[in-house]
Engineer: 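Here you go, one structure.
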Amino acid sequence: MTEHLTMNTIVHAAFRRTIARFVGALDAFPDGSQERADQLKRAWDFAEDEIHHHHDYEEQYFWPALQQTDADLSVVAELDGEHEAMRAALGDASRAMAALPLDPTATTATVARDAVAHLGTVLGDHLAHEERDLEPISAAYKNAPPMKTALRQVKKAHFKTMGNTIEWLQDGADSSDIAGLRKELPPPVIFLFTRIAGRRYRREIAPTWPAR
């Protein structure tokens, strides 16, 4: 069970759950089901956006903020290279998922499943590396002024979709993930964001998966 030192690992946990859900759903894809193919593609578009946003924000805001501190950031060059590999795997998975509604067959679902599983391996290795070597540094410097500025920038950039993101972070989360989220965001804030601004996730994405 991950010790959540920052919001970063709470997001990572959601990535892992989401990839596992897609692999399971594609394994069980009902041959010929246009409805299920459309549903999975809609959920995939949401997940793809979250993956892109997360890693873009690291590169645009958080890593430059850490570079303004005296932290040893020798690991960042390796992590940056892993981002490129992750984006390539994400592109392959997204192309395979885009093909599914065009040809909603078990064969197409198997191709998509393999591409998503490969992404899961690439992404999973990167997340583990980041949690091992960078997360302790991020936690140690989370209250440094540059990091607080970076967090404000991310909140501003992600504000319009924050409610759906918070709904996603809670969907299928275990008690450790929920406790970590509540440590980062006060429960009233979580409630307001999700109830008011999380409707799209509840209406369009959550029904893709078994009841929570």
Side-chain angles (χ1 to χ4, degrees), residues 1-26 28 35-62 86 90 93-94 97-98 100-101 116 119-120 123-124 127 130-131 135 138 142 147-212:
M1 187 164 55
T2 301
E3 180 185 3
H4 295 298
L5 302 177
T6 71
M7 180 68 83
N8 200 43
T9 55
I10 299 166
V11 177
H12 288 185
F15 286 151
R16 292 181 173 107
R17 289 194 303 273
T18 299
I19 294 295
R21 281 172 157 176
F22 275 104
V23 170
L26 291 164
E35 179 180 4
R36 185 59 169 159
D38 291 341
Q39 186 183 45
L40 288 172
K41 177 59 166 58
R42 187 162 52 245
W44 181 260
D45 289 344
F46 177 89
E48 181 186 25
D49 281 347
E50 290 294 337
I51 295 172
H52 272 304
H53 286 319
H54 180 73
H55 293 96
D56 286 348
Y57 292 157
E58 285 181 335
E59 294 174 0
Q60 293 175 26
Y61 302 116
F62 288 117
M86 181 275 300
L90 180 60
S94 293
M97 288 299 299
L100 186 60
V116 172
L119 170 63
L123 180 60
L127 300 182
E130 189 174 297
E131 289 167 0
E135 179 67 8
S138 297
K142 69 183 294 186
M147 290 292 280
K148 287 187 173 183
T149 298
L151 183 59
R152 286 195 296 270
Q153 290 171 321
V154 168
K155 287 179 178 178
K156 181 178 179 180
H158 210 51
F159 183 78
K160 289 184 178 179
T161 58
M162 185 66 73
N164 292 309
T165 297
I166 294 174
E167 278 281 323
W168 166 64
L169 292 176
Q170 297 176 89
D171 188 3
D174 64 21
S175 59
S176 171
D177 301 332
I178 295 295
L181 182 62
R182 289 176 177 170
K183 186 172 69 173
E184 297 297 323
L185 295 173
V189 173
I190 295 173
F191 176 81
L192 286 174
F193 261 113
T194 56
R195 298 312 300 173
I196 296 172
R199 290 187 292 271
R200 180 198 166 206
Y201 187 88
R202 291 195 302 275
R203 183 176 64 251
E204 298 181 8
I205 312 302
T208 307
W209 317 119
R212 288 177 283 178

Engineer: Which residues pass the salt bridge (Lys or Arg N to Asp or Glu O under 4.0 Å) test with Asp38, not counting sequence neighbours?
Structural biologist: none
Engineer: Can you name the side-chain contact (heavy atoms from CB on, under 4.5 Å) partners of Ile178, sequence neighbours left out?
Structural biologist: Gln170, Ala173, Arg182
Engineer: Can you name the residues that form a side-chain contact (heavy atoms from CB on, under 4.5 Å) with Ala157, not counting sequence neighbours?
Structural biologist: Tyr57, Tyr61
Engineer: Any side-chain to backbone donor/acceptor pair from Arg36 onto Thr208? Under 3.5 Å, distance only.
Structural biologist: yes
Engineer: For Arg42 and Gln39, test the side chains for any donor-to-acceptor distance below 3.5 angstrom and give the result as yes or no.
Structural biologist: no
Engineer: So do His53 and Thr165 actually touch side chain to side chain, heavy atoms under 4.5 Å?
Structural biologist: no
Engineer: I'd like to check Glu167 versus Asn164 (side-chain heavy atoms, cut-off strictly below 4.5 Å). Are they in contact?
Structural biologist: no
Engineer: Donor-acceptor pairs under 3.5 angstrom involving side-chain atoms of residues 147-156: please list them, not counting sequence neighbours.
Structural biologist:
from, atom 1, to, atom 2, distance (Å)
Thr149, OG1, Pro145, O, 3.1
Thr149, OG1, Arg152, NH2, 3.1

Engineer: Taking the side chain as C-beta and beyond, is there a heavy-atom pair between Thr161 and Tyr201 under 4.5 Å?
Structural biologist: no
Engineer: Only counting residues at least two apart or in another chain, list the ones meeting side chain to side chain donor-acceptor pair (under 3.5 Å) with Arg200.
Structural biologist: Glu204
Engineer: Less than 4.0 angstrom from a charged side-chain N to a carboxylate O is my criterion; do Arg21 and Asp171 meet it?
Structural biologist: yes
Engineer: Does any donor atom in the side chain of Glu130 or His12 lie under 3.5 Å from an acceptor atom in the other side chain?
Structural biologist: yes
Engineer: Ala93: which residues meet the side-chain contact (heavy atoms from CB on, under 4.5 Å) condition with it, sequence neighbours left out?
Structural biologist: Trp44, Ala115, Val116, Leu119
Engineer: Does any non-hydrogen side-chain atom of Leu100 lie less than 4.5 Å from one of Lys41?
Structural biologist: no
Engineer: Between Leu185 and Met162, is any pair of side-chain heavy atoms under 4.5 Å apart?
Structural biologist: no
